Amino acid sequence: MSGNCSCGNPLVPGIAKVVDIIDETPDVKTFYVTTDNGIPFPVMPGQLAMVSLLPVGEGMFSVSWQADDHLEFAIRRVGVLTDALHEIEIGQKIGVRGPYGNGFPVKECEGKNMLFIGGGIGLAPLRSFIKYCFKNREKYGKIQILYGARSVADLCFKRELFEEWPAQPDTQVFITIDRPEPGWDGKVAFVPTYLEELNPSPENTIAVICGPPIMIKLVLKSMEKMGFSDEQVITTLEMRMKCGIGKCGRCNIGSEYICLDGPVFNLAQLKQLPPEW
């Protein structure tokens, strides 16, 4: 079954089943979603999908990974729909439609060193690209991952962060939390501060950033200070998307629609937009 209804209406979701639910943090769960025919639809890293739960509503979420037989959504509990999704159990049927957005420029990044910078739930869309790089490891250079959260409990995808990703060839993982806490002997710093301490080289490197808006803005300043060009810096905008197909106008910034032209932009492209993001 495809994610979009066979009736041809792109706003009508297909039906999928939740086959696993993983507790990532106290307010983030990862939902594994599939259909009788496998994945609801093929997705590229960075693309989005609309997830719906009757009679509550629907919302746009990043696909945090496309496996061979399911899609994964890491969803933070922040409102009515996400509260309801966090209460469902394995076996629940939900609606999905998509994919939406342009995704990360995986081909253009081939042959480059990759620097991923994430904060909080912002690791979810980055994870799709990180795992894609590992799956196609020979196509990418050195991989560095810098990730921060408010506390140890708020770190998403802990097994991957602490065990799987550091074991990958030519890969470094840097993890930080905002404030000291008992039992944590790792780094304590905000992501932009830690980034400047690490001072990664911009040579042949693409930086991909996702996190809270204030973190993104500060990181962008740090990237400029460290010598990264606007074309070397990629980030995502995931704001106000409602229909997913450029019809409702909720997500436009200037002449761009985030659901169609984004959510992925490089900094050069962002500087052409009105400063609403």
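Quantities reported herein were computed from a predicted structural model and do not represent experimental measurements.
Without hydrogens or angle criteria, Glu196 side chain to Thr193 main chain gives no donor-acceptor distance under 3.5 Å. Here the side chain of Asn204 pairs no donor or acceptor atom with the backbone of Lys112 at under 3.5 angstrom. Checking side-chain atoms of Thr171 against main-chain N and O of Ala167 turns up no donor-acceptor pair under 3.5 Å. Between the side chain of Gln232 and the main chain of Pro202, a donor-acceptor pair closer than 3.5 Å is present. Arg127 places no side-chain N or O within 3.5 Å of a backbone atom of Ile130 that could act as its donor or acceptor partner. Between the side chain of Ser128 and the main chain of Ala124, no donor-acceptor pair closer than 3.5 Å is present. Within the 3.5 Å criterion, the main-chain N or O of Ile75 finds a donor-acceptor partner in the side chain of His86. Side-chain atoms of Thr82 come within 3.5 Å of backbone atoms of Val78 as a donor-acceptor pair (strictly under, hydrogens ignored). Side-chain atoms of Gln66 come within 3.5 Å of backbone atoms of Val43 as a donor-acceptor pair (strictly under, hydrogens ignored). Under the 3.5 Å distance criterion, the side-chain polar atoms of Glu24 are matched with a main-chain donor or acceptor of Phe157.
For Phe104 and Phe129, the ring centers are positioned less than 6.0 Å apart.
Within a 6.0 Å radius of NZ in Lys158, more than 12 heavy atoms belonging to other residues, nucleotides or ligands are found.
Hydrophobic clustering (ILVMFWY, side-chain heavy atoms < 4.5 Å, transitive): Trp65 and Val173 are in one cluster.
Applying side chain to side chain contact (heavy atoms under 4.5 Å, CB included) to Thr235 and the options Val208, Asn266, Ile209 leaves one that passes, Ile209.
Remark: Cys210 SG to Phe116 CZ distance equals 12.0 Å, nearest 0.5 Å.
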Given side chain to side chain donor-acceptor pair (under 3.5 Å), test Thr30 with Glu72 step by step and report yes or no.
-> CA-CA 6 Å; Thr30 294; Glu72 299 176 18; 5.8 Å; no
Thr25 vs Asp27, side chain to side chain donor-acceptor pair (under 3.5 Å): CA-CA, chis, key distance, verdict | CA-CA 5 Å; Thr25 77; Asp27 62 357; 2.9 Å; yes
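What you find for Pro169 and Arg137 is that their closest heavy atoms are O-NH2, 3.0 Å. Across Pro40 and Val96, no two heavy atoms sit closer than the pair CB-CG2, 3.8 Å.
Looking only at side-chain heavy atoms (C-beta outward), Ser52 and Ile94 stay at 4.5 Å or farther from each other. Ser222 is not listed as a side-chain neighbour of Phe228, based on a closest heavy-atom distance of 4.5 Å or more. Between Phe265 and Asn102 the shortest side-chain heavy-atom distance does not fall below 4.5 Å. Put simply, the side chain of Ile22 does not reach to within 4.5 Å of the side chain of Lys29, judged on heavy atoms.
A salt bridge links Glu110 to Lys107: at least one charged side-chain nitrogen sits closer than 4.0 Å to a carboxylate oxygen.
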